[in-house]
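Following: one structure in structure tokens, then a few remarks.
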Amino acid sequence: MLATPLGMAFAIPPGAAPVTKIEVFHAPYRVTSYFRFLPKPERPSVLVKITSEDGSTGWGQSVPLPTWSYETEESVMTGIRNYLAPAIMGKNPFDLPVIHEAMRHAIASSFSTGIPIAKAGIDLALHDLMGKVAKRSLPELWGRPTPLKKIDISWTVNVRDMAEAERVVHDGISKGYRHFNLKVAPDPKFDFELCKYVRSAIKHDFFFWIDANGVYDLATALRMAPKFADQGVNAFEQPIAPNRLTGLRELKQQGAVPIILDEGVVNSVELAEFIKLGMLDGVAMKPARTAGLFDARRQIEILEQAGLMFLGSGLTDPDISLAASLQLFGAYGLKHPAALNGLQFLSSSYLRTPFELRDGSLEVPTGAGLGVTVDEDKLRKA
């Protein structure tokens, strides 16, 4: 086991004040438009506040989506309060390997990390706390002193008919987005027409990324991949279910378009195995899915060493989870637009200074820790 967190620029402070309090808060966001994973009027989230013995605090966020994974708002709050918080109480907040191991013992893995979305909330809060105590940004903590200052954001096209597609695409253009990602499946005929429309409607060069969320079967995915490639698609994310390992390898071997994995890559252990099996050309990175930033950084470095790509993605992340993604992607020099669509589909914020899109991009926070400040009064009222 590593003695210090991966890539940290300084040793763990031996006298760092231990964790003494962990709080969780119900923090919903209003859904503003149709998105397949947001069927309710509110997007659930849980904010996590960690306090150390000297009064230092850090904030994290878990973003469960039961339509996307098995974790719910209720399971996140119960999992943190009853299992994860007791497991890490009294530990040095800088010792992330020890804390993640304690969380693994508290709630064990099955095929991969157990309840990673809940664990991400704690991991983000610890990173925020560490940065604030050290008075350093996360890239500085990680020994990456020249992060990107902003991240280009991709507009998500998730529609049910062509009339809606026209409205959504032009809405994205009018708001300053220059890059587009497209949700496809289960109807390949509609998907191809939609793909052609998006390609023709946008008159400039853009990064074109499609995501089937594992819904196609293998035969359909093999048939559609060359057709999407002919339309200039740059990446095909999770074309079939994540447990169809030989099918994913066959799609990569087909070579029509780069195959990007998402739902099935939770921990760096299986990522390394999937690379050995020749199943992928890259990964859509989500700190929310990987139990936070600690293992997400490992995964990016594994991909870099293998010469594979990483894309920036999320779970319609708002506020703190969005800040963490921006920090990660900025520190590791993300080369492609990120599908971080929280601002597209959600309203309201629990930050004193909410994120604001400018010219199709979001600025990477530069302050200590995650670089954002929670408005506690607003949160407690909510």
Using a strict cut-off of less than 4.0 Å between a Lys/Arg side-chain nitrogen and an Asp/Glu carboxylate oxygen, indicate whether [X] and [Y] qualify as a salt bridge.
{"X": "Lys132", "Y": "Asp128", "answer": "yes"}
{"X": "Asp375", "Y": "Arg352", "answer": "no"}
{"X": "Asp262", "Y": "Arg289", "answer": "yes"}
{"X": "Lys378", "Y": "Glu376", "answer": "no"}
{"X": "Lys381", "Y": "Asp377", "answer": "no"}
{"X": "Glu193", "Y": "Lys196", "answer": "yes"}

Are any of the side-chain heavy atoms of [X] and [Y] separated by less than 4.5 Å?
{"X": "Gln344", "Y": "Leu357", "result": "no"}
{"X": "Leu126", "Y": "Ile50", "result": "yes"}
{"X": "Val157", "Y": "Val159", "result": "yes"}
{"X": "Asp152", "Y": "Arg178", "result": "no"}
{"X": "Gln299", "Y": "Asp295", "result": "yes"}
{"X": "Asp95", "Y": "Pro97", "result": "yes"}
{"X": "Val31", "Y": "Phe35", "result": "no"}

State whether a side-chain donor-acceptor pair under 3.5 Å links [X] with [Y].
{"X": "Glu270", "Y": "Ser112", "value": "yes"}
{"X": "Asn181", "Y": "Thr156", "value": "yes"}
{"X": "Gln61", "Y": "Ser45", "value": "yes"}
{"X": "Asp54", "Y": "Ser56", "value": "yes"}

Hey, does the side chain of [X] reach the backbone of [Y] with a donor-acceptor pair shorter than 3.5 angstrom?
{"X": "Ser154", "Y": "Ala339", "result": "no"}
{"X": "Glu164", "Y": "Arg160", "result": "yes"}
{"X": "Ser69", "Y": "Pro66", "result": "no"}
{"X": "Ser62", "Y": "Ile117", "result": "yes"}
{"X": "Glu71", "Y": "Ala118", "result": "yes"}
{"X": "Thr113", "Y": "Pro116", "result": "no"}
{"X": "Asn213", "Y": "Val215", "result": "no"}
{"X": "Arg199", "Y": "Gln231", "result": "yes"}
{"X": "Thr316", "Y": "Gly342", "result": "no"}
{"X": "Ser174", "Y": "Asp171", "result": "yes"}

Supply the atom-to-atom distance [X] [atom1] to [Y] [atom2], rounded to the nearest 0.5 angstrom.
{"X": "Leu308", "Y": "Ile302", "atom1": "CG", "atom2": "CD1", "result": "10.5 Å"}
{"X": "Leu328", "Y": "Arg144", "atom1": "CG", "atom2": "CZ", "result": "9.5 Å"}
{"X": "Leu280", "Y": "Phe274", "atom1": "CG", "atom2": "CZ", "result": "8.5 Å"}
{"X": "Met103", "Y": "Leu96", "atom1": "CE", "atom2": "CG", "result": "8.5 Å"}
{"X": "Tyr177", "Y": "Leu343", "atom1": "OH", "atom2": "CG", "result": "5.5 Å"}
{"X": "Met224", "Y": "Leu251", "atom1": "CE", "atom2": "CG", "result": "12.5 Å"}

Show the nearest heavy-atom pair for residues [X] and [Y], with the distance to one decimal.
{"X": "Ala288", "Y": "Asp317", "value": "CB-OD2, 4.1 Å"}
{"X": "Ala102", "Y": "Ile88", "value": "CB-CG2, 4.4 Å"}
{"X": "Gln327", "Y": "Pro139", "value": "OE1-CD, 3.3 Å"}
{"X": "Val63", "Y": "Arg43", "value": "O-NH2, 3.1 Å"}
{"X": "Asp281", "Y": "Pro258", "value": "OD2-CA, 3.4 Å"}
{"X": "Phe94", "Y": "Asn92", "value": "N-OD1, 2.9 Å"}

Arg104: side-chain hydrogen bond (donor to acceptor under 3.5 Å, both in side chains) partners, not counting sequence neighbours: Glu101
Any residue meeting side-chain contact (heavy atoms from CB on, under 4.5 Å) with Lys150, in chain and number order, not counting sequence neighbours: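 Lys150: side-chain contact (heavy atoms from CB on, under 4.5 Å) contacts with Ser361.
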Can you label the angle between the [X] ring and the [Y] ring as parallel, tilted or perpendicular, going by 30° and 60°?
{"X": "Phe206", "Y": "Phe180", "result": "perpendicular"}
{"X": "Tyr332", "Y": "Trp142", "result": "tilted"}
{"X": "Trp59", "Y": "Phe25", "result": "tilted"}

Report yes or no: do [X] and [Y] belong to one cluster of Ile/Leu/Val/Met/Phe/Trp/Tyr joined by side chain heavy-atom distances under 4.5 Å?
{"X": "Leu340", "Y": "Leu138", "answer": "yes"}
{"X": "Met309", "Y": "Ile153", "answer": "no"}
{"X": "Tyr34", "Y": "Leu38", "answer": "no"}
{"X": "Ile260", "Y": "Val198", "answer": "no"}
{"X": "Val233", "Y": "Tyr216", "answer": "yes"}

Pair Tyr29 and Tyr350, ring centroids less than 6.0 Å apart: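 They qualify: ring centres under 6.0 Å apart.
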Aromatic contact, His179 with Phe207 (centres under 6.0 Å): no
Atom pairs and distances, donor-acceptor, side-chain atoms in residues 76-84, under 3.5 Å, two or more places apart:
unit_1: Thr78; atom_1: OG1; unit_2: Glu74; atom_2: O; d: 3.0

